[in-house]
Amino acid sequence: DLHSFPTRRSSDLHIAEDLARIPNTPWLVFSGFSDGAGLKLVDTRTGAMRRWYSGSDAQLALDSKRFEFCPLPPDPSLLNTQGLSLRTVGDSQHDLYVVNHGGRESIEVFRIDATQDEPQIRWVGCIEMPAATPANSVATYSDGTVLASVLTHPGTSITDFVRGAATGGVYQWRPGERGFRLLPGTRLPGNNGIETSPDDREFYVVAFGWHAVVIYARDDTSRPLRKAIAPGFMPDNLHWDGSRDRKSTRLNSSHPYRSR
């Protein structure tokens, strides 16, 4: 029950920018948005939190077939994590996709084994972002395709997207490809949080400068299908509340905003 989760000081969270719930467990994963902050495993029953990925041999299991172009595991002393996305791939098995800015700009992929009382994590690979193009958030489809949002491209700024100018984009990687490519039609003012639909037919991305969630068809991104404005509220991270297979699933966002 997240409502009873003990309150922690912001300094204790090491600049947690996103979180992921490990399904059917009392455990959460927090990102750490500063060099070396890495990933944290949090017990919602007690509020206990510890550094999770240490880079030990037991936590390294490169899947070279899935990630043949990934050079080396991330350095835990540099790991700087932002957006998170968790996808269940088997009974108590989950893949955690992590935006990393420490040592390299990349999407790092970890396998979570939740069969034990305390979940175990192993790094299995990575996908490097294009040069000078740091990701903000990450999402996946069931076939392993990965989407990454980019807030600002080189030569653009926060000021630009606040004014409504297109600054970012959505990038896609498919299994077997060498790297990400920009999807046409996805340049928006401040591409931020991103998520895919449960049926894999659409994806949703926050346009910070519009205070909106923009919806695209997966098979044709040349222009958005629709746009949902959030007056008085700034959408940020996007995650499904509950299992993707449940009819009660809701798309949640976060980041309170007050206009002045």
Side-chain angles (χ1 to χ4, degrees), residues 18 66-67 69 82-85 87 95 97-99 105-107 109 126-231 233-240 244 249-255 257:
D18 202 357
R66 289 177 67 190
F67 305 106
F69 301 109
Q82 191 173 4
L84 304 177
S85 181
R87 180 171 287 274
D95 279 350
Y97 296 79
V98 179
V99 172
E105 295 293 343
S106 58
I107 304 300
V109 187
C126 72
I127 315 152
E128 293 191 278
M129 292 296 296
T133 311
N136 179 284
S137 298
V138 61
T140 67
Y141 292 112
S142 60
D143 64 1
T145 297
V146 179
L147 300 179
S149 65
V150 170
L151 190 71
T152 55
H153 284 118
T156 67
S157 67
I158 292 175
T159 300
D160 293 329
F161 72 64
V162 168
R163 292 173 175 172
T167 61
V170 174
Y171 286 72
Q172 178 178 276
W173 173 86
R174 290 176 176 165
E177 294 181 341
R178 188 174 188 90
F180 282 97
R181 65 179 180 88
L182 177 64
L183 292 176
T186 63
R187 290 179 57 88
L188 301 173
N191 298 59
N192 201 295
I194 193 167
E195 183 58 284
T196 58
S197 64
D199 62 7
D200 278 354
R201 297 175 61 185
E202 297 177 346
F203 66 88
Y204 320 97
V205 59
V206 169
F208 232 37
W210 289 343
H211 301 183
V213 177
V214 182
I215 300 92
Y216 286 90
R218 177 182 183 178
D219 59 4
D220 181 7
T221 65
S222 59
R223 57 183 176 180
L225 294 175
R226 54 194 182 277
K227 179 171 65 175
I229 302 294
F233 184 81
M234 177 67 84
D236 194 341
N237 300 328
L238 294 176
H239 293 293
W240 289 111
R244 294 170 180 267
T249 294
R250 297 177 299 173
L251 186 65
N252 289 341
S253 182
S254 62
H255 201 297
Y257 171 83

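Heavy atoms only: backbone and side chains are in, while hydrogens, waters and symmetry mates are out. This structure is a prediction, so every number in the text was calculated from the model and none was measured. Start at 1 with the first residue, then count along the sequence.
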Would you mind writing out the side-chain donor-acceptor pairs for residues 175-192 within the sub-3.5 Å range, not counting sequence neighbours?
unit_1 : atom_1 : unit_2 : atom_2 : d
E177   : OE1    : R174   : N      : 3.0
T186   : OG1    : V170   : N      : 3.0
T186   : OG1    : V170   : O      : 3.4
T186   : OG1    : L183   : O      : 2.7
R187   : NH1    : H153   : ND1    : 2.9
N191   : OD1    : G169   : N      : 3.1
N191   : OD1    : L188   : N      : 3.1
N191   : ND2    : T186   : O      : 2.9

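In this structure a side-chain-to-backbone donor-acceptor pair under 3.5 Å is missing from D160 to A165. Under the 3.5 Å distance criterion, the side-chain polar atoms of S197 are matched with a main-chain donor or acceptor of R201. Of the possible donor and acceptor atoms, none in the side chain of S137 sits under 3.5 Å from a partner among the backbone N and O of G83.
Distance check: Y141 OH to R218 CZ gives 5.0 Å after rounding to the nearest 0.5 Å. Distance check, rounded to the nearest 0.5 Å: CZ of F203 to CG of L147 gives 6.0 Å. To the nearest 0.5 Å, the span separating CG on N136 from CG on L151 amounts to 5.5 Å. The distance from the CH2 atom of W210 to the CE atom of M234 is 13.5 Å, given to the nearest 0.5 Å.
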Between T145 and T140, does a side-chain contact (heavy atoms from CB on, under 4.5 Å) hold up when you go through it step by step? CA-CA 6 Å; T145 297; T140 67; over 6 Å; no
Run the side-chain contact (heavy atoms from CB on, under 4.5 Å) check on V150 and E105 step by step: do they pass? CA-CA 11 Å; V150 170; E105 295 293 343; over 6 Å; no
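Taking 4.5 Å as the limit, every side-chain heavy atom of T221 sits out of range of all side-chain heavy atoms of Q172. Two residues are said to be in side-chain contact when any heavy atoms from C-beta on lie closer than 4.5 Å; E195 and W240 meet this criterion. Using a 4.5 Å cut-off on side-chain heavy atoms (C-beta onward), I107 and V99 make contact.
Minimum interatomic distance between I194 and A139 (heavy atoms only, all atoms of both residues): O-CB, 3.7 Å. The minimum heavy-atom distance linking L84 with H239 is given by the pair O-CE1, 2.9 Å.
Other residues, nucleotides and ligands contribute at most 12 non-hydrogen atoms within 6.0 Å of the CD1 atom of I158.
Remark: R66 pairs with D95 by the salt bridge (charged side-chain N to carboxylate O under 4.0 Å, His left out) rule, at least two apart or across chains.
Taking the six-membered ring for Trp and thresholds of 30 and 60 degrees, F161 and F208 have ring planes more than 60 degrees apart, a perpendicular arrangement.
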